[in-house]
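Report on the following structure.
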Amino acid sequence: MGLLRGPLFWLLLLLAAACSGILFALYSSAVERSLEPHSGVRDTTSSRAFLQPKSSNSRTRKSHRCQHPLHLAIQRHPHFRSLFDLSKPVLLWWGLFTPELWDHLSQHKAPYGWQGLSHHAINSTLSLLNGSDSAELFAASREPPPNCIRCAVVGNGGILNGSRQGANIDAHNYVFRLNGAVIKGFERDVGTKTSFYGFTVNTMKNSLISYQNAGFTSVPQGQDLHYIFIPSNLRDYVMLRSAILGVPIPEGPDKGDRPHTYFGPEASASKFKLLHPDFIGYLTDRFLKSKLINTNFGDLYMPSTGALMLLTALHACDQVSAYGFITSNYRKFSDHYFDRTKKPLIFYANHDLILEATLWRDLHKAGILQLYQR
Ligand SMILES: *[C@@H]1O[C@H](CO)[C@@H](O)[C@H](O)[C@H]1NC(C)=O
Ligand SMILES: *[C@@H]1O[C@H](CO)[C@@H](O)[C@H](O)[C@H]1NC(C)=O
Ligand SMILES: *[C@@H]1O[C@H](CO)[C@@H](O)[C@H](O)[C@H]1NC(C)=O
């Protein structure tokens, strides 16, 4: 499991032998993909009886109105019960930034921590995330939250081409998308609603370059849309700070970029969420501890953007459907749903998509998520 094959892998292996510096650059520029199909959403329940606002973190719930809340499926499962900690904070914000957290995260490299990053860089970004909106995934919504939060996470896998799942996807309370999430022209297959767009600055910019011809000419924008930053690098903290302040990027590889060209004119802290580095570490350790970690690729490895978004949804929603994620029959489908011609799925050396496929299959079997398959 988890062995990467194919020419790209071997190419990377060679490069690694030759020069780990080049590899690092490759890591920084590898665009992720995530394939995965999803399953037809069981139309549950979900009365929208509005009562208690839900916290995205504390899932000790109160989801009486959910017919099949995922936290019950977790409790019933002998293995997953010991992996999930639904009380783990998903997002990082000013209120969690203590000296203890600084000491702890300074010992881990990004995306799991802040090793090598300056206190000033972190402090100046986090101090902007100081409202309650920054602590909660769903807090920004004006409407009373639904009593059963149903989420769809849409990966970019070729299985969605011709799937006609658009209406099913849009029927969820919240829709998560990521990286090269092309919508125009694919509405019938992938829907139009976007509540959250997840990315690292690296994967976002690479998607804008690599998938431009497929129609990914801008990042999804909208009034009800929120951005989830995955802090894989200093540049993510710098972009986030500049986006909230509404100023050009002052330093680093993105120097001179204007954040509003990506995220639209509305620059306010409530628009942006930051995934907690410790949450990323917990996810990796418990759910996606790849054998790659013990190879030369150890420092490059991290879960794919799609995996991070899907696991985030599993820790914040009552029901989760995954569309466009990798399935066991991935060879039948093109790499992405928006590919013009069929291309095989690319296995980048910094991810372990086979391990991810196994996890989605097992979570689906356990009734914890619904994986779209065909
Ligand atoms: C962190 O940021 C806050 C708010 O900008 C500021 O008041 C404080 O002095 C900063 N702390 C340090 C140690 O720089
Ligand atoms: C919190 O944010 C507001 C602006 O939204 C700012 O004026 C205030 O100083 C911030 N507080 C801290 C502790 O950083
Ligand atoms: C997308 O699906 C259509 C049929 O629904 C097929 O003709 C086309 O080749 C598919 N595209 C790719 C890239 O596989």
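Counting convention: from 1, in listed order, for ligands and their atoms alike. Since we're looking at a predicted model, the values are computed, not measured.
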Numbering as shown, the atoms of ligand 1 that approach Ser127 to under 4.0 Å (heavy-atom distance): 2 (O), 4 (C), 5 (O)
Can you list the atoms of ligand 1 that are under 4.0 Å from a heavy atom of Asn123? 1 (C), 2 (O), 3 (C), 8 (C), 10 (C), 11 (N), 12 (C), 14 (O)
With sequence neighbours left out, write down each residue that passes ring-ring contact (aromatic ring centres under 6.0 Å, His included) with His260, or none if nothing qualifies. none
Would you call the rings of [X] and [Y] parallel, tilted or perpendicular if under 30° counts as parallel and over 60° as perpendicular?
X	Y	value
His108	His104	perpendicular
Tyr227	Phe199	perpendicular
Phe287	Phe80	parallel

What do we get for His119 next to ligand 1 when only non-hydrogen atoms under 4.0 Å count, side chain, backbone, both or neither? side chain
If you count the non-hydrogen atoms of other residues, nucleotides and ligands that lie under 6.0 Å from NZ in Lys289, is the total more than 12? no
Are more than 12 heavy atoms from other residues, nucleotides or ligands located less than 6.0 Å from atom CZ of Arg81? yes
Carboxylate-amine/guanidinium contact Arg164 Asp189, below 4.0 Å: no
Please output the residues near ligand 3 using a strict heavy-atom distance under 4.0 Å, listed in chain and residue-number order. Asn161, Ser334, Asp339, Thr341, Lys342
